[in-house]
Q: 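The structure follows.
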Amino acid sequence: FVLFISITTCVFYLLNLLLPSISFYLSNVPFYLVFQFQLWRLFTTTLISTKILHIIFAFLIWIRESSNLEKTMGTLKYMFTFIINSTLIQVIYTMIMLIIYLISGKQELMTMNMNMEQVENSGLWPVIIAEITVLCFANSNNPVRILAREFSVSTIGAVSTSQVNEEVCDIDADNGKVSLCVPYLS
C-alpha cells in the first residue's frame, strides 16, 4: 500500500505539471466539500502535492517508517489506518474552517482561487505527523528515529497533574532526542 500511495502521489504531481488545475479539483477546498458535497476531496487531497521538495522530504521521512509499520500491521490494517487518519485529518480541518467561516463571515477561508500553489492541508504531511504520533505512542520504550532526530513518548504512571516531575519530560538537544511526557490520571 505504501508503494501504491508513493506512485499515486508522483503520478498526481506529474499530472499537475500538465494540468495545473487538477490540484484544485482534488484538494480539500472546504466550500466545495461542505456546500457542494464533493466528498472525494476528503480522500484525494492526501495524494496531492504541487512542489517536488514536499514530495522528496515526505518520502524521505515517510517511506521507511510506513513500510515498517505496514509490515508490522499487515497491508489491509495499515491501509485502513492510513485512510482513517487522512480522512479524519481532513474532516477536522474542514470543521475548523467552517467554524471560523461561520464566526468571521469571511468566505475566502472556505474557497481558494484556481491559481493556488499549495493547499495547506494537502499532501502526505498531515498523515506523516499522525503516523509519527502513533509510532511514538506504540513504541513508548523505544524512541522512533526519523532522519536525524529521535522522538519518544513516555508515560509516567498514575499520578495527579500536580505530581508530574518536569525533569522526566525534556528535550535533549545534544543527542537530538525529543521526549513528550504523557501522565495518565488514576
Side-chain angles (χ1 to χ4, degrees), residues 1-135 144 146-149:
F1 185 71
V2 171
L3 183 61
F4 169 76
I5 294 296
S6 303
I7 291 170
T8 307
T9 300
C10 291
V11 167
F12 279 138
Y13 173 76
L14 294 174
L15 279 174
N16 189 60
L17 292 176
L18 298 172
L19 304 164
S21 62
I22 197 165
S23 63
F24 177 79
Y25 292 109
L26 296 177
S27 294
N28 182 3
V29 180
F31 176 82
Y32 296 108
L33 181 65
V34 173
F35 297 115
Q36 294 187 0
F37 211 57
Q38 296 178 357
L39 294 179
W40 69 82
R41 293 175 181 272
L42 287 174
F43 307 103
T44 57
T45 195
T46 303
L47 305 171
I48 299 299
S49 203
T50 58
K51 302 208 185 288
I52 191 68
L53 286 178
H54 289 197
I55 295 172
I56 291 170
F57 284 110
F59 285 177
L60 281 173
I61 292 172
W62 180 71
I63 287 180
R64 191 186 85 191
E65 291 301 327
S66 60
S67 295
N68 291 338
L69 198 57
E70 182 178 3
K71 287 176 190 170
T72 304
M73 295 173 70
T75 300
L76 194 61
K77 189 174 180 182
Y78 178 77
M79 180 180 74
F80 284 122
T81 303
F82 181 90
I83 291 169
I84 288 169
N85 281 343
S86 62
T87 304
L88 186 60
I89 290 166
Q90 296 308 316
V91 167
I92 291 169
Y93 170 78
T94 302
M95 289 173 50
I96 290 170
M97 296 308 288
L98 182 62
I99 290 168
I100 292 171
Y101 162 70
L102 293 173
I103 292 171
S104 71
K106 293 183 178 182
Q107 188 172 352
E108 59 269 10
L109 295 173
M110 293 289 287
T111 60
M112 296 179 184
N113 62 28
M114 294 286 285
N115 298 324
M116 68 178 183
E117 287 189 20
Q118 176 74 22
V119 178
E120 291 81 7
N121 66 320
S122 67
L124 287 170
W125 286 106
V127 177
I128 291 170
I129 293 168
E131 285 187 1
I132 290 171
T133 305
V134 168
L135 283 170
V144 176
I146 307 217
L147 292 179
R149 309 280 304 169

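Throughout, numbering of the chain's residues begins at 1 and tracks the sequence.
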Q: Indicate the atoms forming the closest heavy-atom contact of L33 with T94, along with that distance.
A: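 Of all heavy-atom pairs spanning L33 and T94, the closest is CD2-OG1, 3.3 Å.
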Q: Would you indicate whether the side-chain heavy atoms of P30 and N28 approach each other to under 4.5 Å?
A: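 They are in contact (side-chain heavy atoms under 4.5 Å apart), so the answer is yes.
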Q: Does S27 use its side chain to pair, donor to acceptor, with the backbone of F24 at less than 3.5 Å?
A: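 Side chain of S27 to backbone of F24: no pair is present.
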Q: Any donor and acceptor pair, going by atom type alone, linking the side chain of S104 with main-chain N or O of I100 inside 3.5 Å?
A: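 Yes, the answer is positive, given that a donor and an acceptor are paired below the 3.5 Å cut-off.
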Q: Quick check: does any side chain N or O of W62 sit under 3.5 Å from a backbone N or O of V2, one acting as donor and the other as acceptor?
A: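 Here the side-chain-to-backbone pair does not exist.
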Q: Nearest 0.5 Å, what's the CZ-CE distance between F31 and M97?
A: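 Rounded to the nearest 0.5 Å, the CZ-CE separation comes to 13.5 Å.
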Q: With rounding to the nearest 0.5 angstrom, report the OG1 to CG distance, T50 to L17.
A: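 Here the rounded value is 9.5 Å.
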Q: Answer whether the closest heavy-atom distance between the side chains of T46 and F82 falls below 4.5 Å.
A: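 Counting from C-beta outward, T46 and F82 do come under 4.5 Å.
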Q: Taking the side chain as every heavy atom from C-beta outward, state whether F59 and C10 have any pair of such atoms under 4.5 Å apart.
A: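 A side-chain contact under 4.5 Å exists here.
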Q: List for me each residue that meets side-chain hydrogen bond (donor to acceptor under 3.5 Å, both in side chains) alongside T8, sequence neighbours excluded, and say none if there are none.
A: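 With neighbours one apart ignored, the set is empty.
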Q: Answer yes or no: is there a side-chain heavy-atom contact under 4.5 Å between Y25 and Y32?
A: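 Result no, sub-4.5 Å side-chain heavy-atom pair not found.
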Q: Determine whether a donor-acceptor pair (N or O, by modelled atom type, separation under 3.5 Å) exists between the side chain of T87 and the backbone of I84.
A: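 Not confirmed, T87 side chain does not pair with I84 backbone.
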Q: May I ask you to test the Y13-T9 pair for a side-chain heavy-atom distance under 4.5 Å?
A: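 A side-chain contact is absent here, since even the closest heavy-atom pair is not under 4.5 Å.
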Q: In Å, rounded to the nearest 0.5 Å, how long is the span from OG1 of T75 to CZ of F80?
A: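 CZ of F80 is found 11.5 Å from OG1 of T75.
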Q: Do L26 and T45 come close enough that some side-chain heavy atom pair is under 4.5 Å?
A: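 Sidechains of T45 and L26: no contact.
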Q: Taking atom OG of S67 and atom CZ of F1, what is their separation to the nearest 0.5 Å?
A: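 Rounded to the nearest 0.5 Å, the OG-CZ separation comes to 12.0 Å.
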Q: Just wondering, do F35 and L98 contact through their side chains at under 4.5 Å, heavy atoms?
A: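 Counting from C-beta outward, L98 and F35 do come under 4.5 Å.
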Q: When F12 is tested against each of N16, L15, L14 for side-chain contact (heavy atoms from CB on, under 4.5 Å), which residue passes?
A: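 With F12 as partner, N16, L15, L14 yield a single side-chain contact (heavy atoms from CB on, under 4.5 Å), made by L15.
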Q: Mind checking the CD1-CD1 spacing from I5 to I83? Nearest 0.5 Å is all I need.
A: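 Nearest 0.5 Å value for the CD1-CD1 distance: 7.5 Å.
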Q: Going from CD1 on I92 to CG on L88, what distance comes out if it is rounded to the nearest 0.5 angstrom?
A: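 These two atoms lie 4.0 Å from each other.
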Q: Mind running side chain to side chain contact (heavy atoms under 4.5 Å, CB included) on S66 and Y78 for me, showing each step along the way?
A: CA-CA 9 Å; S66 60; Y78 178 77; 3.2 Å; yes
